[in-house]
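Heads up, the thing below is written out as structure tokens.
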Amino acid sequence: MKIPPVKGTRDFYPPDMAIRNFIVDGWKKVSLRNGFEEYDGPIFEYLKMYQIKSGDEIVEQLFSLTDRGGRDLALRPEITPTLARMVNQQINALPKPIKWFSVPRLFRAERPQKGRLREFFQWNIDIIGVDQPLVDAEIIFTTVDYLRNVGLAPKDVKVKISSRKLLAAVLKSYGVPDEKLESLYVVLDKKGKLPADTFEQMLAEQVPDKETLAKISEFMQIDSIPELGELIDAGSEEFAAYNEIKEVLATLETMGVGDFCIYDPGIVRGLAYYTGIVFEVHDAVGDLRAICGGGRYDNLLRDFGGPAISATGMGMGDCVLEILLKEKGLLDQQVPKRQIDYFVACIGDIGNEAWRIIAKLRSMGYSANISYKTGGLSKQLKEASAQNANKCIIIGEEELKESKIGIKDMATGEQELVGRDEFFSGLDSAVVGTE
RNA sequence: GUGAGAGUAGCUCAGUUGGUUAGAGCACCGGAUUGUGGAUCCGGGGGUCGCGGGUUCGAAUCCCGUCUUUCACCCCA
């Protein structure tokens, strides 16, 4: 009986696994060089953990289960609640600032489509306990550092930065009541995803007052910091938020990634989670969903029973990223292909000599393979080629008699005959992985 | 939850007035080649034409149902 793969999951055959490792290894490398420490948690948690800050719709999109003790559990759809739980548990003992990253495997029971699956990996970076805008810039810099590292340029991707705090203050100053903010966010978030006239129409439905509508429209159309500065009164509440964005952008400019970053009032982001600077990275063409998103969240730790400590972070999934890297042709050159150091080929009856040699090579930290079939030398060389062997060691009865081995360089085709012991003593035994 | 498309070999796909034993390229395995690889040539394996029902002398092909899948909407932590 043939059993198909589960909807929304992926099988990682060796070439796919190479791509996944390339992406994940890059995330980890960049996290470490930006000063983050790695953490992880369990792959399932109590179901109620995901009900704390989420609406019904999101809870419906969980893979949930009941264990034999009757506990209601769910496969993690995100790692931030786990992070909040872990940090809260040891809040007083942890050295500050908390600057952590993780690459969790996540599960969401959504309908799969382009760039969205039910099982995926997501790079998360968070800095907890510092409320300065400089730290938002750190998160964004680390994000760009990765994108740059895999070969994406400002012409390929843009970091669109905005501020929930600014938006809230501006809307309030226009007379929008607090209880209307949430529903207005939902509409404002669609700017850039909808045609301009459709967007204006939806906005008009939310804002009956013509004068207020005109002001909001004007604000949403400003996409330059100096222009924004002219609109905002110094000393007002929104001025402080404006200064934060300005500082973040200036810091990113100083750090050399200004070309990637722009102010975009259309970035609002999903739920009521975010409280300050927010950002998303999009492909320049704009035909993919967001590559990543993040921002400042002030209340999350408190909502999970901890102290009111400010935090800021970013999450990047592997699905959209992989599509983009493929489209840009950045994977072929960078993803390492299968490669082994030595392939041992034998001719005729040489007893156990080949196995002795291959074991020696492996114990010295070199990758080595041998053919499991009895075939001619031609066949074995073909197999060595197929496995992308760097060098081939050739041993026949003649070589065995003289305690020698043939070493063939598979790239150049050149071959030399050397003494076996001489060969091993000449090898650099300080290879990574050596015992 | 709503809507549109697609299911033929491992992959990409041909395959119409409905008619022998369902094809190609790539991939895989083998041979040419039991002491020299990547190329080339030759050969081979691999299919319940998604599944079920119907129409018909006869269905990959027409009709109905169903499942799977892709894309979009909703949502997107």
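Just so we're on the same page: letters track the sequence lines, and every chain starts at 1.
Residues forming a ring-ring contact (aromatic ring centres under 6.0 Å, His included) with A/Tyr297 (at least two apart in sequence, or on another chain): A/Tyr273. With sequence neighbours excluded, the residues satisfying ring-ring contact (aromatic ring centres under 6.0 Å, His included) with A/Tyr242 are A/Phe239. Shown here are the salt bridge (charged side-chain N to carboxylate O under 4.0 Å, His left out) partners of A/Glu110, two or more places apart in sequence or in another chain: A/Arg116. Under the salt bridge (charged side-chain N to carboxylate O under 4.0 Å, His left out) criterion, A/Lys165 pairs with A/Glu244, not counting sequence neighbours.
Nearest-nucleotide assignment on RNA chain B puts the 5′-proximal partner with A/Ile395, out of A/Ile395 and A/Val186. Mapping A/Pro77 and A/Ala386 onto RNA chain B by nearest heavy atom places A/Ala386 at the nucleotide closer to the 5' end.
Rounded to whole Å, the separation between the P atoms of B/U17 and B/A60 comes to 14 Å. Straight-line distance between the C1' atoms of B/U2 and B/C11: roughly 33 Å, to the nearest whole Å. Here, B/G5 and B/C63 have their P atoms 14 Å apart, quoted to the whole Å. Nucleotides B/G10 and B/G53 are separated by 31 Å at their C1' atoms, to the nearest Å. To the nearest whole angstrom, the two C1' atoms, one in B/C28 and one in B/U12, are 16 Å apart. Separation of the C1' atoms belonging to B/C49 and B/G23 is 12 Å when rounded to the nearest angstrom. The C1' atoms of B/U8 and B/U16 are separated by 15 Å, rounded to the nearest whole Å. To the nearest whole angstrom, the two C1' atoms, one in B/C73 and one in B/G54, are 35 Å apart.
Remark: B/A39 base-pairs with no nucleotide in the shown strands. Criterion, Watson-Crick or G-U wobble with two distances under 3.5 Å. In a base pair of the Watson-Crick type (N1 to N3 plus N6-O4 or O6-N4) or a G-U wobble (N1-O2 and O6-N3), with each distance short of 3.5 Å, B/U33 is matched with no nucleotide. Base pairing of B/G52: its partner is B/C64, meeting the Watson-Crick or G-U wobble criterion (both donor-acceptor distances under 3.5 Å). In this structure, B/C76 makes no Watson-Crick or G-U wobble pair, since no nucleotide meets both defining distances under 3.5 angstrom. For B/U69, the paired base is B/G5 (Watson-Crick or G-U wobble, both distances below 3.5 Å). Pair assignment for B/C28: B/G44, on the basis of Watson-Crick or G-U wobble contacts that are both within less than 3.5 Å. Under the Watson-Crick or G-U wobble criterion, with both distances below 3.5 Å, B/G23 is paired with B/C13.
Residue A/Lys373 is classed as a sugar-phosphate contact, given heavy-atom separations below 4.0 Å to backbone atoms only. Heavy atoms of A/Gln380 sit nowhere under 4.0 angstrom from any nucleic acid atom. A/Glu383 comes within 4.0 angstrom of no nucleic acid atom, judged by non-hydrogen atoms across all strands. At the heavy-atom level, A/Lys190 lies under 4.0 Å from the strands shown only through sugar-phosphate atoms. Residue-level contact check: A/Gly406 touches neither bases nor backbone, having no heavy atom under 4.0 Å from any strand. Within the nucleic acid shown, A/Lys379 comes within 4.0 Å of sugar-phosphate atoms alone, with no base atom in reach, counting heavy atoms only.
A cation-pi geometry, defined here as NZ or CZ lying under 6.0 Å from the six-membered ring centre and within 45° of its normal, holds between A/Arg164 and A/Tyr185.
Taking a cutoff of 4.0 Å between a charged side-chain nitrogen and a carboxylate oxygen, A/Asp145 and A/Arg148 qualify as a salt bridge.
Judged as a salt bridge (Lys or Arg N to Asp or Glu O under 4.0 Å), the pairs with a partner in residues 304-321 of chain A (not counting sequence neighbours) are, in order, A/Arg10-A/Asp318. Among pairs with a residue in residues 79-105 of chain A, those fulfilling salt bridge (Lys or Arg N to Asp or Glu O under 4.0 Å) read A/Glu45-A/Arg85, A/Lys99-A/Glu138, A/Arg105-A/Glu119, at least two apart in sequence or across chains.
For the side chain to side chain contact (heavy atoms under 4.5 Å, CB included) with A/Val103, the lone residue among A/Ile23, A/Val24, A/Ile79 that qualifies is A/Val24.
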Pair up each side-chain donor or acceptor in residues 415-422 of chain A with any protein partner under 3.5 Å, not counting sequence neighbours, and list the distances.
{"from": "A/Arg420", "atom 1": "NH1", "to": "A/Glu353", "atom 2": "OE1", "distance (Å)": "3.2"}
{"from": "A/Arg420", "atom 1": "NH1", "to": "A/Glu353", "atom 2": "OE2", "distance (Å)": "2.7"}

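Using a 4.0 Å cutoff on non-hydrogen atoms, no part of residues 36-51 of chain A comes near RNA chain B.
Nucleotides of RNA chain B with any atom under 4.0 Å from a heavy atom of chain A span, from 5' to 3', B/G1 to B/A77.
Interatomic distance, CZ of A/Arg289 versus NZ of A/Lys114, reported as 10.0 Å (0.5 Å rounding).
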